[in-house]
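All remarks here apply to the structure that follows.
Letters go in sequence order (proteins before strands), and every chain restarts at 1. Model, not experiment: these values are computed from the prediction.
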2 protein chains.
Amino acid sequence: MSIKRKTKSLNAILSVFEQREEALSVVDLVDEFKDDMNKTTVYRILERLENEGVIHSFTGSKGLMWYAKCQTCTTHHHHDVHPHFECKDCGKVECLELEIEIPQINNRHIDSASIMLQGQCADCIKK
Amino acid sequence: MSIKRKTKSLNAILSVFEQREEALSVVDLVDEFKDDMNKTTVYRILERLENEGVIHSFTGSKGLMWYAKCQTCTTHHHHDVHPHFECKDCGKVECLELEIEIPQINNRHIDSASIMLQGQCADCIKK
DNA sequence: AAATTAACGCAACTTAGTTGCAAAAATAAT
DNA sequence: ATTATTTTTGCAACTAAGTTGCGTTAATTT
Ligand SMILES: [Mn+2]
Ligand SMILES: [Mn+2]
Ligand SMILES: [Zn+2]
Ligand SMILES: [Zn+2]
C-alpha cells in the first residue's frame, strides 16, 4: 500500500525524520506521539513511508524496529544495505553511509547483510 | 548466576547444541521441549549456559533470540564476535567462523559488531 | 534424616507488534 | 453543495516473545 493522502499525522512523523539525522525506534516514536495519534497509526504511517522509499527499517540490537530516512531510495527500490551504528552509552542509532564488502562464503549465496556496529559515539567519547 | 547443578533438563538442552551445528532460536527450543519442561526453564537454562561460555546468543533478523554453541569461550569471556548467516529459504541460521574486519569510523569508537548475512544455504541452492 | 540451596512449574505480567471493524476525514462524483 | 467513494484513523482485542514472583520439588550438604 502506498501513500494516497499526506495527512497531518503523516506529515508530523515525516518532519521528525527530516529534522534529525539519527534513526528512531518505533517505540520512541509511539511515545513521542502518544498524545497526538494512536500507536497503530504510527506503525501504519511508517509502513507507508517505507513502501514509498522515504524511510527504511532495520532491527536494532534489542530486536526493536528502527527507522531512518533514506538517501537515494524510491518506491519499491530500497538500496540501503548500509551498516548502522549504535552508541552503547546514549543509545543513539545512526546510518553509516559506508560500503562494507560482503564476503562470499563457500557454497552459499549471500545477497544481503545486516550490519550493526556498536561502540561510543562522538559526543559520548568526550564525556 | 552460574551452573550449580547439571540437571536432566539442562543436559537435554545441552545435547541439542552438541548434536547439531546450526544455531537454534529460543522459540524453536521452547517448542521442541514443550512436553518436557516449562518455557521459563528453557530461558533460564539458556541464560546459565551462556554465562558459562557454553553457548552464545544473538538477535536474528526478525528480532528473535538465537543461541549457538561457542567454540573457544569460557565463563564471562565470550569472544564470538563472528558473523552469522541466515538462509532465506529454509530459515537455517549458522555461525560463520570468519573474520570480518570492523572498520573504524571517524570520531567514533567501535568495539563490537553484529553481522547477519542473508541468502541461500548450500542445501537450498541445489533445489 | 534434617537443613540448605538450586532448579523448576505455574500463573500472571510486560512489551512490541498486529488485526478487524467501525468512525472520521479527505477526495471525487454528481 | 450534496452525496458517494475511498483512505485514514482510533479503539479494543489479540498474538507472541520474554520476564518475574513465589511456592514446590529436587539435589546437595551437614
Ligand atoms: Mn540506515
Ligand atoms: Mn555464533
Ligand atoms: Zn552516544
Ligand atoms: Zn537453506
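- More than 12 heavy atoms of other residues, nucleotides or ligands shown are found within 6.0 angstrom of CD on B:E32.
- In this structure, B:D35 places its CG atom 12 Å from P of C:dG9, rounding to the nearest Å.
- Remark: P of D:dT8 and CZ of A:F33 are 18 Å apart, rounded to the nearest angstrom.
- Contacts of A:D31 with the nucleic acid, taken as non-hydrogen atoms under 4.0 Å apart, are absent.
- Separating the NZ atom of A:K8 from the P atom of C:dT27 is a distance of 13 Å, rounded to the nearest angstrom.
- Within the nucleic acid shown, B:V30 has no heavy atom closer than 4.0 Å to any nucleic acid atom.
- Sequence order on DNA chain C of the closest nucleotides to A:T40 and A:V27 puts A:V27 first from the 5' end.
- Here D:dA12 presents its P atom at 18 Å from OH of A:Y43, a figure rounded to the nearest Å.
- Here the P atom of nucleotide C:dA24 and the CE atom of A:M37 are 19 Å apart, to the nearest Å.
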Working for side-chain contact (heavy atoms from CB on, under 4.5 Å), residues B:V93 and B:F58:
CA-CA 11 Å; B:V93 173; B:F58 54 95; 3.6 Å; yes
List the steps, then state whether side-chain contact (heavy atoms from CB on, under 4.5 Å) holds for B:V16 with B:Y67.
CA-CA 11 Å; B:V16 172; B:Y67 281 91; over 6 Å; no
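- The closest donor-acceptor contact from the side chain of A:Q104 to the backbone of A:I110 lies under 3.5 Å.
- Rounded to a whole Å, the CG atom of B:L64 is 13 Å from the C1' atom of D:dT15.
- At whole-Å resolution of the value, CD in A:E52 and P in D:dT8 are 10 Å apart.
- Panel note: side chain A:T59, backbone B:K62; no donor-acceptor pair is recorded below 3.5 Å.
- In this structure, CG in A:L49 is found 13.0 Å from NE2 in A:H56, a value given to the nearest 0.5 Å.
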Scoring nucleotides 22-30 of chain D by protein non-hydrogen atoms under 4.0 Å (B base, S sugar-phosphate only, - none) yields ----BBS--
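- Other residues, nucleotides and ligands contribute at most 12 non-hydrogen atoms within 6.0 Å of the CD atom of A:E99.
- Mapping A:K39 and A:V42 onto DNA chain D by nearest heavy atom places A:V42 at the nucleotide closer to the 5' end.
- Atom pair B:L10:CG and C:dA7:P shows a separation of 8 Å (rounding to whole Å applied).
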